[in-house]
Protein chains: 2
Amino acid sequence: MSKFSYHDAGLDLETYEKTLAGLAPLMRRTHGPRVFDPKITGGGRKGGFFASLFSLDYNSRLFAKNYRHPVLVSCADGVGSKLKIASLMNKHDTVGVDLVAMSVNDCLCTGGEPLFFLDYLAMPRDDPELTKAIVKGISDGCLEADCALVGGETAILPDFYQPGDYDLAGFCVGVVERDRIISGKTIRPGDAVLGLSSTGLHSNGYTLVRKIVFDHARLNVNDFVPALGRTVGEELLEPTRIYVQAIKELLRHYPVKHRVIRGLANITGGGLVDNIPRVLPAGRRVRLHRGSWPIPPVFTWLQELGNIDTAEMDRVFNQGIGFVVITSPYYAESIQRQLQEQRIPTFWIGEVIEGPPGVEFV
Amino acid sequence: MSKFSYHDAGLDLETYEKTLAGLAPLMRRTHGPRVFDPKITGGGRKGGFFASLFSLDYNSRLFAKNYRHPVLVSCADGVGSKLKIASLMNKHDTVGVDLVAMSVNDCLCTGGEPLFFLDYLAMPRDDPELTKAIVKGISDGCLEADCALVGGETAILPDFYQPGDYDLAGFCVGVVERDRIISGKTIRPGDAVLGLSSTGLHSNGYTLVRKIVFDHARLNVNDFVPALGRTVGEELLEPTRIYVQAIKELLRHYPVKHRVIRGLANITGGGLVDNIPRVLPAGRRVRLHRGSWPIPPVFTWLQELGNIDTAEMDRVFNQGIGFVVITSPYYAESIQRQLQEQRIPTFWIGEVIEGPPGVEFV
């Protein structure tokens, strides 16, 4: 009679643990003094302890911070079918930046600072090189977002994923002092709507993008597109911008009690049209001025290639604006300047008006 | 020329948002007064705000709790190929309990109390009924674990998952006061090792289980197995036990400063052999006594069916013990009694000895 073992079932615990141990340096480079004891962290990455530990309050020679009424902020998100572009390009070290961006940019919208991050990576077989490339991107994203990568889970699921495929989900925890939460409730008519430029598609709409670009237009990732000045794959794999440093600097500069920063919105699936209303209080509406910001070439190229209605473009894509700051008009220009200094092109794209929550274009 | 829309690409934002809105009651039933403002929570579930908010410190008529040096505990995990059993049985309302159990039981091992939970659900097409059943299970698990389900992400990825398949990942955040962290460092020779019974396989080893049961033995989920007293599917889908209430009660009863509870280990993939050493300090080893606890029928049935070596069984499965408490021997019997009163059969399965970290059987 044949003997069965875990190894025969396609799973090798030793290779698995070796792979995960190799990820430790990529995690450690994101750890500050608040990661409680690196020796006993690691989460589902079995080299370590059962869970990851992060000190909320901290004292060290350079830093001291204590929260009086700490409110924990949490977000979960994935990268979606942008992962297919990474596979087509065989370049896997940037989708981790997208993963981190999707969650930390959401976390920012509360006025909170992202603290730490965990990932879930599911793949059909143990692949140390691929895993390392993916986690390298997550680690890069966490460094950019001032966020500690404290743990994660790598699931080997041969019966769920096709060879070459994998899925990636991320989870971010941040903190905000209770009376500094930005909920949008102080937004009033006349407020300025500032749009912070995106780096392109970010991580939304890729199911539609792939249908148009690959199925309909029959393009290949290596095809050079003059309108874009680069290849299809380079454009579609461009990492999502992380707004953490710029927005944290803004919040330090304008404390909430001055009520200068009144609303923050991360522009993801649903575009400006669906995401701005998520922070609008009752009776407030936003009017955006077409032409007040430049639409990056990738959007016009896609719209023409797929003959997509402008209303559909507005609802699926960010159209060049990845993050929105709603502010008192008195401060709008100085905020705009401050964000430009942080190398984020920022445009005064509209204003708050009275009316049912929603977005209209003029 | 044909026009493209997001809907044509297989994604319908309206159905999607309707599905997600239907999940709100399943989330709300897990919310206590610490969920900051239910109206503006929801995380990636787009009905709500950008992120979920949870008050760390709280005051209300009945409860007041403030942390002096709060350390945040976080865990990420999935359910793995146990999900395939749910599909074969077409019963999807219990894998959520497994998902919550995998993370909260890990969180407990630090001495921390789970606070809130978020999930990531990825599926090939929008399926409101299926989504609701899955989230119902997550919600049940969160209630059992005294944990708030504050957010989650539902990703529709037609090009990643086969029809009928889905993947599920979960993230748990807890908190522990810094000087109450249980790290295992006080474990000393002579300490008692108590084993808390599992409900069966819990959520590990299913790739091997499925290979043996379905591919090799050609059994069907509906086949009745006399040794198990129920069908294959009923046994394999039995939800993972959640140890939160029992362990929290134990920690309340024996505060850390008395150093009674010295180590806690969640027994998942790797079994007793690999999981107990995760909390052992240098120079400490555990000796387990075979026969000191009953091995549930599912394990002996699987071992015979697959002709699996006992050493392999010990490394892949929990063998009937889902959680381990390492304690001063003086208190072992009263702790055992206390856990039995909570309806968790508990066995004195071994002791700590000197030697290199590891587990040996006698």
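Please read all numbers here as calculations on a predicted model, not as lab measurements. Below, chain A is the first sequence line, B the second, and so on; all start at residue 1.
Separating the CZ atom in A:Arg178 from the OG atom in B:Ser55 is a distance of 6.5 Å, to the nearest 0.5 Å. To the nearest 0.5 Å, atoms OG1 (A:Thr207) and CD1 (B:Ile156) are separated by 10.0 Å. For the atom pair A:Asp167 CG and B:Tyr161 OH, the distance stands at 3.5 Å (nearest 0.5 Å).
The minimum heavy-atom distance between A:Val150 and B:Ser74, with the atom names listed, is CG2-OG, 3.6 Å. Taking each heavy atom of A:Ala51 and B:Cys75 in turn, the nearest pair found is CB-SG, 3.4 Å. Contact between B:Asp159 and A:Lys84 at its shortest, heavy atoms only, is O-NZ, 2.8 Å.
Contacts of B:Asn266 with chain A are made by both backbone and side-chain atoms, with heavy-atom separations under 4.5 Å. Contacts of B:Tyr166 with chain A are made by backbone atoms alone, with heavy-atom separations under 4.5 Å and no side-chain atom involved. Heavy atoms of A:Arg210 lying under 4.5 Å from chain B belong exclusively to its side chain. In this structure, the portion of A:Leu168 lying under 4.5 Å from any heavy atom of chain B is its backbone and not its side chain. Heavy atoms of B:Leu115 lying under 4.5 Å from chain A belong exclusively to its side chain.
For the side-chain contact (heavy atoms from CB on, under 4.5 Å) with B:Leu72, the lone residue among A:Val175, A:Leu72, A:Leu53 that qualifies is A:Leu72. Tested against B:Phe50 for a side-chain contact (heavy atoms from CB on, under 4.5 Å), the candidates A:Asn275, A:Val73, A:Leu264 yield a single pass: A:Asn275.
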Report task. May I have the step-by-step check of side chain to side chain contact (heavy atoms under 4.5 Å, CB included) for B:Gln162 and A:Gln162, ending in yes or no? Result -> CA-CA 9 Å; B:Gln162 307 294 315; A:Gln162 306 295 314; 2.5 Å; yes
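Contact count versus chain A (heavy atoms, under 4.5 Å) is highest, among B:Gly78, B:Ala122, B:Ala265, for B:Ala265. Between chain B and the options A:Val176, A:Asp165, A:Val71, heavy-atom pairs under 4.5 Å are most frequent for A:Val71.
No close placement of the A:Phe171 and B:Tyr120 rings is indicated, their centers lying 6.0 Å or farther apart.
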